[in-house]
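Each remark here refers to the structure printed beneath this line.
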Amino acid sequence: MTRGGITTIGGIFTALVLVSGILLTGYAGMNAIDAVFGFHMYLMAAAALLGLLAILMGHPFKGDPSQYNYGVVKAFVIATIFWGVTGFTVGDYIAWELAFPFLNWDLPWTNFGRLRPLHTSAVIFAFGGNILLGSSFYVAQRTNHTRLAGNVAPWFVFWGYNLFIVLAGTGYVLGVTQGHEYAEPEWYVDIWLTVVWVVYLMVFMGTLMKRRVSHIYVANWFYLAFIITIAVLHLVHNMAVPVSFFGLKSYSFQAGVQDAMTQWWYGHNAVGFFLTAAFLAMVYYFVPKRAERPVYSYRLSIIHFWSLIFLYMWAGPHHLHYTALPDWTQTIGMAFSIMLWMPSWGGMINGLMTLSGAWDKLRTDPVLRMLVVSVAFYGMSTFEGPMMAIKAVNALSHYTDWTIGHVHSGAMGWVGMVTFGVIYCLVPWLWGRKEMYSMALVSWHFWLSTIGILLYITSMWVSGILQGLMWRAYDNLGFLEYSFVETVEAMHPFYVIRALGGLFFVIGSLIMAYNVFKTIRLAPAEEHFSDAVLAPAE
């Protein structure tokens with residue numbers, strides 16, 4: 001076991017950066033013109049101070065360079081579970097709020113408008129982001145036969161990314177937002193995320209560059225596309241001018257219809273690259289690994305990759321049908337959305353056909369069952385999405401609960417289930433166990449989640465179509481047949497069903513957390529499996 005310290009070049013540089021960060025954020029906090037801005041600056045100063053203490057104690061430098069760096073992957077897995085349970089719970093609570101509005105309690109911090117972005121960010125960026133970063137670090141090491149690049153940098157990515165989550169989440173609860181879907185943190189939080197993301201790219205690229213094999217496995221292509229594209233989206237969409245460098249408020253570079261177009265270029269490609277391409281990378285590694293079968297068609301995976309990367313970039317305008325956006329732009333978005341169906345299903349077919357000769361394992365392995373069901377939900381969501389992009393369908397579906405059902409079939413069925421499957425794969429591998437503490441609990445988690453998802457999305461399909469039809473209903477005199485309040489009353493039973501489905505999903509995640517806790521607690525003191533960097537890639 002080697003141990004570095006402040007005497008190393010990397011340690012000295014990192015310490016100087018952290019000292020500068022403490023001074024800069026401390027000064028900004030003392031001169032803050034907004035209470036929340038000051039709170040966030042002091043929070044960042046405290047984080048930098050803790051990082052400096054860790055550097056001085058040499059902890060980030062611990063590790064044998066001849067072994068894989070599993071410590072940071074373990075941290076990401078634990079954070080994924082924590083944020084998942086948190087995000088699901090907040091989401092189910094606001095579902096009950098919609099069914100029973102008194103649950104808002106007339107408090108600003110529990111208002112739906114503040115808790116809703118907290119829920120979306122916790123599920124997408126905290127739960128989804130942590131598993132993406134952690135699994136990418138694991139897969140990059142295993143498929144490239146090399147240790148993760150850097151000693152401090154991977155840990156900086158972990159702590160820096162989760163600090164971003166804390167800054168964003170506390171900001172939402174305290175009323176801080178840019179008002180942009182999936183991109184609500186203010187300018188200083190965006191800058192911090194940019195720094196973290198650049199280091200993440202450097203770690204991932206550095207690992208690929210020092211690989212011990214000539215071939216780059218396809219999962220790494222999807223991870224790399226995700227990292228680079230999200231960086232471009234983040235930088236262009238979040239260009240803003242702060243009113244003061246000591247305050248919260250900023251104004252976007254774009255305005256009007258340009259702002260809307262940039263927003264949904266960003267928003268839809270966040271779905272395309274954060275919630276699709278990156279999770280497909282997990283499928284291409286963990287499904288073959290768990291099924292103990294090779295990828296059905298490596299050629300199809302390459303075609304899938306390049307067609308998906310090209311087509312997704314142009315689909316964003318379908319979010320802006322029947323708006324001030326030029327009609328030709330809307331039509332392009334619709335056309336590319338429809339074309340996107342083909343590569344999406346190519347990936348689904350590749351994932352499902354990987355089980356050729358191993359379908360019998362679905363009867364006995366609930367983890368593989370989760371992974372396969374997630375691919376099925378991916379196929380369903382990527383059929384429904386292009387269909388809803390057609391203008392005639394969009395005229396009925398847009399702004400209704402149908403869209404909410406579609407989003408959650410992807411978020412819960414695709415992203416959630418594949419993440420659960422990957423967690424159940426990684427925990428025994430990382431902590432040296434043969435399998436999870438209880439496979440029966442894994443099976444319970446699978447069925448509770450599946451039932452919860454089905455209750456959620458079917459209720460929202462019915463509610464959304466009902467909502468859209470009531471909105472467009474006219475009487476014989478040409479007046480609207482239903483008032484807005486009548487549509488809300490009609491949706492109430494479906495809101496209750498949705499909240500019940502969400503409750504099933506939350507219970508399943510709590511079972512997962514307990515199962516993981518027991519697995520880690522019973523893990524042997526010494527890992528009894530080979531994790532040397534020269535071990536065959538898996």
Q) Will you find, in the side chains of Trp105 and Asn111, an N or O donor that is under 3.5 Å from an N or O acceptor? A) no
- Message: Pairing donors with acceptors under 3.5 angstrom, does anything connect the side chains of Tyr172 and His119?
- Response: no
| Check: Arg147 main-chain N/O paired with Lys210 side-chain donor or acceptor under 3.5 Å | yes
Output for pair (Leu50 CG, Ile22 CD1), nearest 0.5 Å, gives 9.0 Å
Separation between CG (Leu248) and CD (Glu186), nearest 0.5 Å, reads 6.5 Å
ask   = Does Asn144 use its side chain to pair, donor to acceptor, with the backbone of Ile216 at less than 3.5 Å?
value = no
Between Ser409 and Ile453, is any pair of side-chain heavy atoms under 4.5 Å apart? no
Between Val196 and Val157, the two heavy atoms sitting closest are CG1-O, 3.9 Å
Correct closest heavy-atom pair for Tyr284 and Gly347 would be OH-CA, 4.1 Å
Rounding to 0.5 Å, atoms CD1 (Ile520) and CD1 (Ile81) come to a distance of 6.5 Å
Residues 83-96 vs salt bridge (charged side-chain N to carboxylate O under 4.0 Å, His left out), sequence neighbours excluded, gives none
Side chain to side chain, Val283 and Val375, heavy atoms closer than 4.5 Å: yes
Original post:
Can His398 and Met388 be said to form a side chain to side chain contact (heavy atoms under 4.5 Å, CB included), step by step?
Top reply: CA-CA 8 Å; His398 211 43; Met388 294 173 71; over 6 Å; no
Notebook entry, point to check: Just by distance, do the side chain of Trp83 and the backbone of Asn130 share a donor-acceptor pair under 3.5 Å?
Noted result: no
### Task
State, yes or no, whether a side-chain contact exists between His406 and Met460 at a heavy-atom distance under 4.5 Å.
no
What's the verdict on side chain to side chain contact (heavy atoms under 4.5 Å, CB included) for Tyr161 and Tyr200, showing C-alpha distance, side-chain angles and the deciding distance?
-> CA-CA 9 Å; Tyr161 187 77; Tyr200 176 37; over 6 Å; no
Residues pairing under salt bridge (charged side-chain N to carboxylate O under 4.0 Å, His left out) where one sits in residues 11-27, two or more places apart or in two chains, turn out to be none
In terms of heavy-atom contacts, Met370 and Gly421 come closest through SD-N, 4.1 Å
**Prompt:** Hey, are the side chains of Gln178 and Asn238 touching, using non-hydrogen atoms and a 4.5 Å cut-off?
**Reply:** yes
Taken in chain and number order and not counting sequence neighbours, the residues that satisfy ring pair (Phe, Tyr, Trp, His ring centres under 6.0 Å) with Phe336 are Trp314
Taken to the nearest 0.5 Å, the spacing of Ile228 CD1 from Ile309 CD1 works out to 10.0 Å
Ignoring hydrogens and angles, tell me if any N or O in the side chain of Thr229 forms a donor-acceptor pair with the backbone of Phe226 under 3.5 Å. no
Output for pair (Ile94 CD1, Thr120 OG1), nearest 0.5 Å, gives 8.0 Å
**Request:** Please lay out, stage by stage, how Tyr285 and Ser135 fare under the test side chain to side chain donor-acceptor pair (under 3.5 Å).
**Result:** CA-CA 10 Å; Tyr285 180 85; Ser135 65; over 6 Å; no
Residues at least two apart in sequence or cross-chain that pass ring pair (Phe, Tyr, Trp, His ring centres under 6.0 Å) with Tyr312, listed by chain then number, are His268
Do Lys249 and Tyr251 meet the cation-pi criteria used here (NZ or CZ under 6.0 Å from the six-membered ring centre, within 45° of the axis)? yes
Q: Could you check whether the rings of His237 and His180 sit parallel, tilted or perpendicular, using 30° and 60° as the cut-offs?
A: tilted
* Does the side chain of Glu181 reach to within under 4.5 Å of the side chain of Tyr266, using non-hydrogen atoms? -> no
Subject >> Worked verdict on Val36 versus His40 for side chain to side chain contact (heavy atoms under 4.5 Å, CB included) >> reply: CA-CA 6 Å; Val36 178; His40 279 168; 3.9 Å; yes
Residues Met512 and Ile423: closest non-hydrogen pair is SD-CD1, 4.0 Å
| query | Between Ser250 and Val241, does a side chain to side chain contact (heavy atoms under 4.5 Å, CB included) hold up when you go through it step by step? | reply | CA-CA 5 Å; Ser250 66; Val241 179; over 6 Å; no
>> Would the distance check show the side chain of Thr262 and the main-chain N or O of Gln258 forming a donor-acceptor pair, the cut-off being under 3.5 Å?
In response: yes
Hey, does the side chain of Thr276 reach the backbone of Phe273 with a donor-acceptor pair shorter than 3.5 angstrom?
no
His318 meets the side chain to side chain donor-acceptor pair (under 3.5 Å) criterion, sequence neighbours left out, with Ser337
Worksheet item: Under a 4.5 Å cut-off applied to non-hydrogen side-chain atoms, are Leu371 and Met417 in contact?
Response: no
Exercise. Can any side-chain N or O of His234 pair as donor or acceptor with the backbone N or O of Asp190 at less than 3.5 Å?
Worked result: yes
Q) Between Tyr138 and Trp429, how do the two ring planes meet: parallel, tilted or perpendicular, split at 30° and 60°? A) parallel
pair Val195-Phe156: side-chain heavy atoms closer than 4.5 Å:
yes
Across all chains, not counting sequence neighbours, the side chain to side chain donor-acceptor pair (under 3.5 Å) partners of Asn220 are Thr143
Report the relative orientation of the aromatic rings in Trp155 and Phe158; use parallel for angles under 30°, tilted for 30 to 60°, perpendicular for over 60°. perpendicular
Q | Side-chain donor or acceptor of Arg211 paired with backbone N/O of Leu208 under 3.5 Å | A | yes
Is Arg114 paired with Glu184 through a side-chain N to carboxylate O contact shorter than 4.0 Å?
-> no
CZ of Phe82 to CZ of Phe127, rounded to nearest 0.5 Å, is 13.5 Å
Using 30° and 60° as the class limits, which term best fits the ring planes of Tyr378 and Trp414: parallel, tilted or perpendicular?
-> tilted
| field | Main-chain N/O of Thr146 paired to Arg212 side chain as donor or acceptor, under 3.5 Å | value | no
When Phe246, Tyr188, Phe245 are each screened for ring pair (Phe, Tyr, Trp, His ring centres under 6.0 Å) with Phe37, the one that passes is Tyr188
With ring-ring contact (aromatic ring centres under 6.0 Å, His included) as the criterion, how do Phe137 and Phe204 come out once you've worked through the C-alpha distance, each side chain's angles and the decisive distance to 0.1 Å?
CA-CA 7 Å; Phe137 282 169; Phe204 193 84; 7.6 Å; no
State whether a side-chain donor-acceptor pair under 3.5 Å links Thr110 with Tyr93. no
Note to self: Is the distance between the ring centroids of His304 and Phe222 under 6.0 Å?
What the structure shows: yes
Check whether any side-chain N or O of Asn31 sits under 3.5 Å from a backbone N or O of Tyr27 as a donor-acceptor pair, and report yes or no.
yes
Residues Leu430 and Lys74: closest non-hydrogen pair is O-CE, 3.2 Å
Subject >> Aromatic plane relationship, Phe420 with His445 - under 30° parallel, 30 to 60° tilted, over 60° perpendicular >> reply: tilted
Are any of the side-chain heavy atoms of Val73 and Asn69 separated by less than 4.5 Å? no
Residues Phe286 and Cys425: closest non-hydrogen pair is CD2-CB, 4.0 Å
